[in-house]
Colleague: 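Right, I'll just put the structure down here and ask away after.
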Amino acid sequence: MLQKGEAMQKETKTEVYQAADDFLMSPKVDFCFKELFQSPKVRQGFLAAILGKNPKEIVETQLMQTILSKESADSKYGILDVRVLMTNGSQVDLEMQVAPLEYWDKRMIFYLSKMYTEQIQEGDDYDKIKKCVHVSILDFNHFKDDNKCYREIAFCDLTTKQKYTDLLEIYVLELKKLPPEQKEEPLIIKWMRFLAAESREDFEKMAGEDNYINEAYEVLQKLSADERKKLEYEARQKAIRDYNSQMSSSREEGIRIGEKRG
């Protein structure tokens, strides 16, 4: 039987793919995820897949400030993983989340609402407001009642099912629900397989499926070969492991106290 420390180490093994000096970062670690999307071509390919467009339609993208503004001293900050500005003024927030969060639905709506409302200031006309999109890439099952790994969520009329507006949209990608690989898969599923890959062979296979995914793989290899980036990545991994260990210990302590009182 695995001891507690060994079990935790096994759970986090997929965060690093390393055999001797054959090291590759995992896109599921937020440090690596953010670095990947520093590449304009990676952003272009992924956003095209998400939005159902030809990559050539994504003419240009810009990275934006990821700290959302506070309306008052008592307001809560919002800190995004990757925030992208499109040429038409619309914004896309990309969030990678590995550990389950009980209130993830509230959190993503908070992020989306902050992005939407901070576009206008006092005296501005409402026609200044542009489309805002939130993309959740989750390494856990958020919607537990089905096996659908990819979904689009928007405001709609509950009776007619007609979309009310396209100004606010949410996309949820659940990596744990990826089905067995099939022929002629949608491009977004191929991107999900790349982000969820657990070996160099898996990365290389998906890189061969699409030119833009191949660019992401090349960026990933360069990141993994950069000693300074590797140190930053490992420091982030350690912080995540320490946090998860602390949370696990707190839960276990809470259970013990509850059992004692019971």
Colleague: To the nearest 0.5 angstrom, please state how far the CD atom of Glu152 sits from the CD1 atom of Ile50.
Modeller: 9.5 Å

Colleague: I'd like a table of donor-acceptor pairs (distance under 3.5 Å, sequence neighbours excluded) in which one partner is a side-chain atom from residues 164-171, with atom names and distances.
Modeller:
| unit_1 | atom_1 | unit_2 | atom_2 | d |
| --- | --- | --- | --- | --- |
| Thr165 | OG1 | Leu167 | N | 3.1 |
| Glu169 | OE1 | Lys131 | NZ | 3.2 |
| Glu169 | OE1 | Tyr171 | OH | 3.0 |
| Glu169 | OE2 | Lys131 | NZ | 3.3 |
| Glu169 | OE2 | Lys163 | NZ | 3.2 |

Colleague: Can you name the closest pair of heavy atoms from Thr66 and Asp81 and give their distance?
Modeller: CG2-O, 3.8 Å

Colleague: Any carboxylate oxygen within less than 4.0 angstrom of a Lys/Arg side-chain nitrogen, looking at Arg107 and Glu95?
Modeller: no

Colleague: With rounding to the nearest 0.5 Å, note down the distance linking OG1 in Thr61 to CG in Leu85.
Modeller: 9.0 Å

Colleague: Give the intermediate values and the outcome of side chain to side chain donor-acceptor pair (under 3.5 Å) for residues Arg83 and Gln91.
Modeller: CA-CA 7 Å; Arg83 186 181 184 185; Gln91 299 180 39; 2.8 Å; yes

Colleague: Got a salt bridge between Glu232 and Arg228, using NZ or NE/NH1/NH2 to carboxylate O under 4.0 Å?
Modeller: yes

Colleague: Show me the pairs that pass ring pair (Phe, Tyr, Trp, His ring centres under 6.0 Å) and involve residues 212-232, at least two apart or across chains.
Modeller: none

Colleague: Could Arg151 and Glu174 be called an ion pair, given the rule that one side-chain N must be under 4.0 Å from one carboxylate O?
Modeller: yes

Colleague: Say whether, by atom type as modelled, one donor and one acceptor occur between the side chain of Glu57 and the main chain of Asn54 under 3.5 angstrom.
Modeller: yes

Colleague: From Asp125 CG over to Ile120 CD1, what is the distance, rounded to the nearest 0.5 angstrom?
Modeller: 9.0 Å

Colleague: Before you tell me yes or no, could you show the steps for Leu24 and Phe203 under side chain to side chain contact (heavy atoms under 4.5 Å, CB included), namely the whole-Å CA-CA distance, both residues' side-chain angles and the distance that decides it to 0.1 Å?
Modeller: CA-CA 10 Å; Leu24 277 180; Phe203 284 119; 3.7 Å; yes

Colleague: Can you give me the closest heavy-atom contact between Leu223 and Cys32, atom names plus distance?
Modeller: CD1-O, 4.3 Å

Colleague: Give a yes or no on this: more than 12 heavy atoms of other residues, nucleotides or ligands lie within 6.0 Å of atom CZ of Phe143.
Modeller: yes

Colleague: Can you name the residues that form a side chain to side chain donor-acceptor pair (under 3.5 Å) with Ser136, not counting sequence neighbours?
Modeller: Trp104, His134

Colleague: What pairs with Phe31 under ring pair (Phe, Tyr, Trp, His ring centres under 6.0 Å), at least two apart in sequence or on another chain?
Modeller: none

Colleague: Would a distance-only check, ignoring hydrogens and angles, find a side-chain to backbone donor-acceptor pair under 3.5 Å from Ser90 to Met86?
Modeller: no

Colleague: Would you compute the distance between atom CD1 of Ile189 and atom CD of Glu181 and round it to the nearest 0.5 angstrom?
Modeller: 11.0 Å

Colleague: Residues two or more places apart in sequence or in another chain: which of them pass ring pair (Phe, Tyr, Trp, His ring centres under 6.0 Å) with Phe37?
Modeller: Phe33, Phe46

Colleague: Give a yes or no on whether a salt bridge exists between Asp30 and Arg236, defined as a side-chain N under 4.0 angstrom from a carboxylate O.
Modeller: yes

Colleague: Closest approach of Gln119 and Cys132, non-hydrogen atoms and distance?
Modeller: NE2-SG, 3.3 Å

Colleague: Let me know which of Lys230, Arg200, Met25 forms a side chain to side chain contact (heavy atoms under 4.5 Å, CB included) with Ser224.
Modeller: Met25

Colleague: Does the pair Gln97 and Asp139 meet the rule for a side chain to side chain contact (heavy atoms under 4.5 Å, CB included), with working shown?
Modeller: CA-CA 6 Å; Gln97 180 64 30; Asp139 197 37; over 6 Å; no

Colleague: Do Ile58 and Pro55 touch side chain to side chain, with heavy atoms closer than 4.5 Å?
Modeller: no

Colleague: Which pair of non-hydrogen atoms, one from Ala49 and one from Trp191, has the smallest distance, and what is that distance?
Modeller: CB-CD1, 3.6 Å

Colleague: Over all heavy atoms of both residues, which pair between Leu138 and His142 is shortest? Give the atoms and the distance, please.
Modeller: CD1-CB, 3.6 Å

Colleague: If hydrophobic clusters are built by linking Ile, Leu, Val, Met, Phe, Trp and Tyr wherever their side-chain heavy atoms come under 4.5 Å apart, do Tyr116 and Tyr126 end up in the same one?
Modeller: yes

Colleague: Quick check for you: to the nearest 0.5 Å, what is the distance between Met64 atom CE and Asp93 atom CG?
Modeller: 10.5 Å

Colleague: Do you know which two heavy atoms are closest between Val42 and Ala216, and how far apart they sit?
Modeller: CG2-CA, 3.7 Å

Colleague: Using only atom types and a distance under 3.5 Å, with no angle test, would you say the side chain of Glu185 pairs donor to acceptor with the backbone of Gln182?
Modeller: yes

Colleague: How many angstroms lie between atom CG of Leu195 and atom CG of Leu178, to the nearest 0.5 angstrom?
Modeller: 9.5 Å

Colleague: Hey, is the main chain of Gln121 close enough, under 3.5 Å, to the side chain of Asp124 for a donor-acceptor pair?
Modeller: yes

Colleague: Before you tell me yes or no, could you show the steps for Glu215 and Asn211 under side chain to side chain donor-acceptor pair (under 3.5 Å), namely the whole-Å CA-CA distance, both residues' side-chain angles and the distance that decides it to 0.1 Å?
Modeller: CA-CA 6 Å; Glu215 175 70 14; Asn211 184 39; over 6 Å; no

Colleague: Under the side chain to side chain contact (heavy atoms under 4.5 Å, CB included) rule, what do Leu175 and Lys28 come out as? Steps first, then yes or no, please.
Modeller: CA-CA 10 Å; Leu175 302 180; Lys28 290 187 286 188; 4.0 Å; yes

Colleague: Quick check against the 3.5 Å criterion: does Tyr233 have a side-chain atom that pairs as donor or acceptor with the backbone of Ser26?
Modeller: yes

Colleague: Would you call Lys190 and Glu209 a salt bridge, using N to O less than 4.0 angstrom?
Modeller: yes

Colleague: Once side chain to side chain contact (heavy atoms under 4.5 Å, CB included) is applied, do any residues pair with Asp157, and if so which ones, sequence neighbours excluded?
Modeller: Thr159, Thr160

